[in-house]
Amino acid sequence: MAAIRLHNSATRTKEDFVPLNPARVRMYVCGPTVYDRAHLGNARPVVVFDVLYRLLRHVYGVDAVTYVRNFTDVDDKINAAAQARKAAGDPRSLEALIRERTDETIGWYHADMDALGALRPTFEPRATEFIGQMIGMIEALIGGGHAYARDGHVLFRVRSYADYGKLSGRSVDDMIAGARVDVAPFKEDPLDFVLWKPSDADLPGWDSPWGRGRPGWHIECSVMSHELLGESFDIHGGGLDLQFPHHENEIAQSRCAHPKADFARYWLHNEMLQVEGRKMSKSLGNFFTVRDLLDRGVPGEVIRLVFLGTHYGKPMDWTAEKAQQAEATLRKWRGLTEGLAPAAPLPAVVEALSDDLNTAGALAELHAAAGRGDAAGLLGSAQLMGLLTADLGGWYRRTVSAVASEVSGAMGSTAAARSPLGRAADQLQALREEAMKTRNFAPVDARKSQLIAAGVEVRMSKAGVELVPGPDFDPAKLEGL
RNA sequence: GGCGGGUUGGCGGAGAGGUUACGCAGCGGAUUGCAAAUCCGUGAAGAUCGGUUCGAUUCCGAUACCCGCCUCCA
């Protein structure tokens with residue numbers, strides 16, 4: 001079995017992955033703040049770490065891997081959404097409105113990520129379910145001299161952790177010199193960050209030794225990873241934008257609260273997503289959600305394949321052209337593998353994935369397998385990457401080709417039972433057989449043009465007629481034919 | 001301003017100090033009533049300038065350009 005090698009952000013080198021316990025491989029990935037639909041950028045870490053999850057399950061066994069991805073359901077944007085509904089006259093309590101909003105968003109998130117073929121993590125904890133443990137960890141940090149309470153706030157004392165900045169390659173002094181943010185008066189040091197902050201009456205809050213309040217952002221991940229994975233675990237992942245300050249702060253909290261433990265041993269960060277060469281942003285008008293793409297008819301499997309074409313450590317550019325190419329590739333592969341049983345994943349594919357998730361290299365091996373006609377190997381390997389699975393094949397089955405009945409005489413009673421596309425294929429076949437006798441191909445060409453105009457790909461050969469609906473297929477245009 | 005990453009053929013995008021990446025597009029051929037699809041074959045690269053080396057696109061340095069983070073966006 002090829003050893004897995006991963007680029008560890010903490011050491012900036014590619015290292016052999018050696019789990020603390022091969023029978024219990026543990027991975028934590030920072031999940032979404034559930035205030036709205038996931039945008040396309042949110043989907044990248046989901047797909048990246050889904051591939052890693054699948055690889056770890058393949059290597060260590062399905063039951064040997066524990067994958068935790070949290071939901072952040074305490075957040076000012078969530079509060080704002082709930083307050084807006086309350087202001088609009090909703091009689092329910094703020095807590096009920098927040099819960100409704102986060103429940104709804106989590107449902108969307110699950111539906112959208114399922115559509116990308118991402119397996120559900122082993123645990124998906126919500127921050128609000130761990131408030132008590134957060135208060136406990138904050139108290140421990142205060143007790144250890146790593147945090148202090150001021151005016152209802154509790155702040156982490158950054159100077160108390162010597163390695164602060166190590167993960168992201170920053171020095172505390174440089175950051176203070178370049179700081180752009182106004183420093184709150186209750187901070188001992190400009191970089192100290194909030195562990196707990198007070199809530200007034202129209203904000204959600206929990207009772208604590210420091211008054212009614214709510215947790216800061218970073219503490220939840222330290223607490224939930226500790227509760228579900230322990231003081232030391234193997235992999236911690238997330239987007240590169242989280243490296244600082246979020247992950248830096250997580251490390252500081254966790255290592256100060258549990259000084260004898262490693263916390264996370266391998267840090268993986270995926271690079272950001274761009275759209276047509278530019279940062280995705282609302283102001284540039286290129287902002288869209290996963291659901292937007294799915295509704296526009298881009299299958300989740302296509303999104304997934306586009307993502308896997310770029311190594312996770314490099315910025316990925318989403319383009320319409322890539323989506324088209326990916327769809328063509330999947331159409332071809334699904335055609336090759338339809339109805340087959342998957343073989344074991346090809347060693348070359350496992351090897352590529354084991355080399356720091358070289359998904360682009362693995363895809364090249366898939367192409368090679370297709371080229372040499374190893375359809376079962378292609379299928380098994382693709383499924384290891386979450387592609388060509390039964391769950392993701394709906395879009396393909398809906399556009400599966402219609403082949404004309406062998407003999408024109410068979411059209412009679414069976415024609416009515418065939419799909420519109422099947423009937424069109426039968427008709428074209430009949431026209432063609434007639435034309436082969438008369439040598440007048442004009443009627444065939446005319447019908448062919450109509451079908452192409454309806455978004456259908458027309459294939460004619462000695463074997464017969466085959467109609468394949470393309471991405472622009474419009475069944476309504478077949479009606480009049 | 002501080003820190004980090006990147007620059008590969010028409011496009012996308014990998015690995016490897018010396019040997020074909022791969023996909024799409026292009027070109028040639030097979031096939032086809034014509035096409036499409038499919039199959040076979042094929043040209044094309046390594047931002048710039050230096051250095052190390054027998055040899056670098058691959059290692060080191062500089063320059064240019066691009067991008068990200070520093071603002072509770074993955």
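A note on names: the letters A, B, ... follow the listed sequences, proteins ahead of strands, and every chain is numbered from 1.
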At under 4.0 Å between heavy atoms, what does [X] touch on the DNA or RNA strands: base, sugar-phosphate, or nothing?
X: A:T72; value: nothing
X: A:G238; value: sugar-phosphate
X: A:V444; value: base
X: A:L366; value: nothing
X: A:D76; value: base
X: A:Q274; value: sugar-phosphate

**Item:** Pair A:F263 + A:F233: ring centers closer than 6.0 Å
**Value:**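 Yes - the distance between ring centres of A:F263 and A:F233 falls below the 6.0 Å cut-off.
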
**Prompt:** Does the gap between the ring centers of A:H39 and A:F288 come in under 6.0 Å?
**Reply:**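 Judged by ring-centre distance (under 6.0 Å), A:H39 and A:F288 do not meet the cut-off.
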
Proximity to the side chain of [X] - top-ranked nucleotide from [options]:
X: A:F244; options: B:rC69, B:rC73, B:rA36; result: B:rC69
X: A:R432; options: B:rU32, B:rC69, B:rA14; result: B:rU32
X: A:R459; options: B:rA36, B:rG23, B:rG33; result: B:rA36
X: A:K448; options: B:rC34, B:rC73, B:rG33; result: B:rC34
X: A:K77; options: B:rG33, B:rA36, B:rC73; result: B:rC73
X: A:N358; options: B:rA14, B:rC24, B:rA74; result: B:rA14
X: A:R439; options: B:rG33, B:rG13, B:rA74; result: B:rG33
X: A:E321; options: B:rC73, B:rC11, B:rC70; result: B:rC11
X: A:D241; options: B:rA14, B:rC73, B:rA36; result: B:rC73

Rounded to whole angstroms, how far apart are [atom1] on [X] and [atom2] on [N]?
X: A:M280; N: B:rG68; atom1: CE; atom2: P; result: 13 Å
X: A:H367; N: B:rC24; atom1: NE2; atom2: P; result: 7 Å
X: A:D317; N: B:rC66; atom1: CG; atom2: C1'; result: 12 Å
X: A:K437; N: B:rG33; atom1: NZ; atom2: P; result: 15 Å
X: A:L167; N: B:rC69; atom1: CG; atom2: P; result: 16 Å
X: A:M316; N: B:rG13; atom1: CE; atom2: P; result: 9 Å
X: A:H269; N: B:rC67; atom1: NE2; atom2: P; result: 22 Å
X: A:Q325; N: B:rC11; atom1: CD; atom2: C1'; result: 8 Å

**Item:** Of all pairs that satisfy side-chain hydrogen bond (donor to acceptor under 3.5 Å, both in side chains), the ones with a partner from residues 27-38 of chain A, not counting sequence neighbours
**Value:**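 Listed by first then second residue: A:Y28-A:N70, A:R37-A:D112.
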
Sticking with atom [atom1], work out how far [N] lies from [M], rounded to a whole angstrom.
N: B:rA62; M: B:rG4; atom1: P; value: 12 Å
N: B:rU53; M: B:rA44; atom1: C1'; value: 28 Å
N: B:rG17; M: B:rC66; atom1: C1'; value: 28 Å
N: B:rA47; M: B:rG12; atom1: P; value: 14 Å
N: B:rU8; M: B:rG23; atom1: C1'; value: 15 Å
N: B:rC67; M: B:rA30; atom1: P; value: 48 Å
N: B:rU38; M: B:rC24; atom1: P; value: 8 Å
N: B:rG15; M: B:rU7; atom1: P; value: 10 Å

**Asked** A:R304 side chain to A:G386 main-chain N or O, any donor-acceptor pair under 3.5 Å?
**Response**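 A pair under 3.5 Å: yes.
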
**Request:** Identify the nucleotide, in any strand shown, that forms a Watson-Crick or G-U wobble pair with B:rA21, with both distances under 3.5 Å; if there is none, say none.
**Result:**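 Because no pair has both required distances under 3.5 Å, B:rA21 counts as unpaired.
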
**Asked** Can a donor-acceptor pair be found between the side chains of A:E250 and A:S222 at a distance below 3.5 Å?
**Response**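 No, no side-chain donor-acceptor pair sits under 3.5 Å.
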
**Prompt:** Is the shortest heavy-atom distance from the side chain of A:V306 to the side chain of A:W318 under 4.5 Å?
**Reply:**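 Touching, per the 4.5 Å side-chain cut-off.
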
**Prompt:** Tell me, do A:S9 and A:Y266 make a side-chain contact under 4.5 Å, heavy atoms counted?
**Reply:**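 No. Closest side-chain heavy atoms not under 4.5 Å.
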
**Message:** If you go through the side-chain atoms of A:D445, does one of them form a donor-acceptor pair with the base of B:rG33 closer than 3.5 Å?
**Reply:**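 Per atom types, the contact qualifies.
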
**Asked** When A:D355 is tested against each of A:H7, A:K14, A:R5 for side-chain hydrogen bond (donor to acceptor under 3.5 Å, both in side chains), which residue passes?
**Response**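 The side-chain hydrogen bond (donor to acceptor under 3.5 Å, both in side chains) with A:D355 is passed solely by A:K14 among A:H7, A:K14, A:R5.
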
**Request:** Specify the residues of residues 306-315 of chain A, ordered by number, for which at least one heavy atom lies under 4.0 angstrom from an atom of RNA chain B.
**Result:**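 Nucleic-acid contacts, sorted: A:G309, A:T310, A:H311, A:K314.
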
**Request:** Please say whether more than 12 non-hydrogen atoms of neighbouring residues, nucleotides or ligands are located less than 6.0 Å from CD in A:Q324.
**Result:**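 Incorrect, the count does not exceed 12.
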
**Item:** By ring-ring contact (aromatic ring centres under 6.0 Å, His included) - contacts of A:F307 (at least two apart)
**Value:**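 With neighbours one apart ignored, the set is empty.
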
**Phosphate contact (B:rG13 OP1 or OP2) by A:K322 side-chain N/O below 4.0 Å** =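 Result: yes.
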
